[in-house]
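Beneath this line is the structure, given in structure tokens, with notes to follow.
Everything numeric here is computed off the predicted structure, so don't read it as measured data. All residue numbers refer to positions in the sequence shown, counting from 1.
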Amino acid sequence: MTGVRVTVPASTANLGSGFDALGMALGIHDEVEFEVRRDGLVVEVSGAGAGEVPRDGSHLVVRAFRAACARLGADVPGLRLRCRNAIPHARGLGSSAGAVVAGVAAAYALAGHELDTSALQLAAEFEGHADNAAAAMFGGVVVAWTRGERFHAVRLEPHPALAPVVLVPEQESSTTTTRGLLPASVPHADAAFAAARSALAVHALTADPALLVDALDDRLHEPYREPAWPETFALVRALREAGVAAAVSGAGPTVLALPEDGKLPEEVEVGGFTAHHVPVEAAGVRVAPLG
């Protein structure tokens, strides 16, 4: 193949107490075309991030693609990249993980390789954790973990009744900044609370969504990030008080809601946020030949 089209989904991570461990793919997609050329680099971007992201070798998709080519021993002298982005940038919906997975998936396809554990390892190295990358790569619900310096993940089948609503504000986030708000340690009682809730979240997301209100409650990271996004946390609390399972999506500021009927309560004020009803993406990243 001399070119591929990659479709990669958004993702939401942490899912309450599943910090750096739980992720879920969402039906918002970036589409990236990779065309191999004899030389040079051309980067075209439309949609989310257009006019803001770099259009040279520092573009995240290009960096991930080149890193994967180097890992595979593939020689791609020139590249034309066309990015049509729908995933909001810097909102806690896995835009950077999607970009990395798109680059890695394209390199593997052009080199004639299937995506495997080495592809996840490379993508997670860019992120520093595997929850968003695994969700974008495999789809569905994922549980991610590390063993030594190796990243691992397993895909789980999401419950068919899940009906995510993402509430996206205008302001952008920086994961680096919000991670800086987290303490070096937490009380033992909070750690025990988080362990129980993250285990319950796995069950609720795959077998019994009625338990999601309890499952998405968190003491591990959300309370420490509230100063960065007071409106986000006020909305999370309002949704929970109305009986809707809700959590901060990733590092924020987007709110993930999982209402049982797919509808938000009319009494909850969502001013300042745009609600998007999106399905869980089951397939993960998809690659097809150009033409």
Parallel, tilted or perpendicular, as decided by the 30° and 60° cut-offs, for the rings of His152 and Trp145
parallel

Contacts of Ser95 that satisfy side chain to side chain contact (heavy atoms under 4.5 Å, CB included) - sequence neighbours left out:
Ile87, His89

Leu72 and His113: side-chain contact (heavy atoms from CB on, under 4.5 Å), yes or no, with the steps?
CA-CA 9 Å; Leu72 296 168; His113 290 263; 4.1 Å; yes

Would you tell me whether Thr12 and Ser249 have side-chain atoms, one donor and one acceptor, within less than 3.5 Å of each other?
yes

For Thr2 and Glu35, does a side-chain donor sit closer than 3.5 Å to a side-chain acceptor?
no

Between Arg237 and Glu226, does any side-chain N to carboxylate O distance fall below 4.0 Å?
yes

State whether Glu125 and Arg71 are salt-bridged, where the test is any N-O pair (Lys NZ or Arg NE/NH1/NH2 against Asp/Glu carboxylate O) under 4.0 Å.
yes

Leu239 vs Leu264 side-chain heavy atoms within contact, under 4.5 Å:
yes

Flag yes if more than 12 heavy atoms outside [X] fall under 6.0 Å of its [atom1] atom; otherwise flag no.
X: Asp261; atom1: CG; result: yes
X: Glu267; atom1: CD; result: yes
X: Arg55; atom1: CZ; result: no

Check whether NZ of the Lys or CZ of the Arg Arg155 lies under 6.0 Å from the centre of the six-membered ring of Phe138 and within 45 degrees of that ring's axis.
no

Quiz item: cation-pi between Arg63 and Phe65, 6.0 Å / 45°
no

Salt bridge (charged side-chain N to carboxylate O under 4.0 Å, His left out) between Glu44 and Arg84, worked out
CA-CA 8 Å; Glu44 302 170 4; Arg84 290 183 281 272; over 6 Å; no

Residues clustered with Leu200, ILVMFWY side-chain links under 4.5 angstrom:
Leu211

Please check if Leu122 and Val285 belong to a single hydrophobic cluster, counting links between Ile, Leu, Val, Met, Phe, Trp and Tyr side chain heavy atoms closer than 4.5 Å.
yes

Flag yes if Met24 and Val143 sit in one hydrophobic cluster, no otherwise; membership is Ile, Leu, Val, Met, Phe, Trp, Tyr, and two members link when side-chain heavy atoms are under 4.5 Å apart.
yes

Given the rule in the side-chain hydrogen bond (donor to acceptor under 3.5 Å, both in side chains) test, do Glu127 and Ser96 qualify, once you have shown the distances and angles that lead to the verdict?
CA-CA 8 Å; Glu127 291 280 286; Ser96 62; 3.0 Å; yes

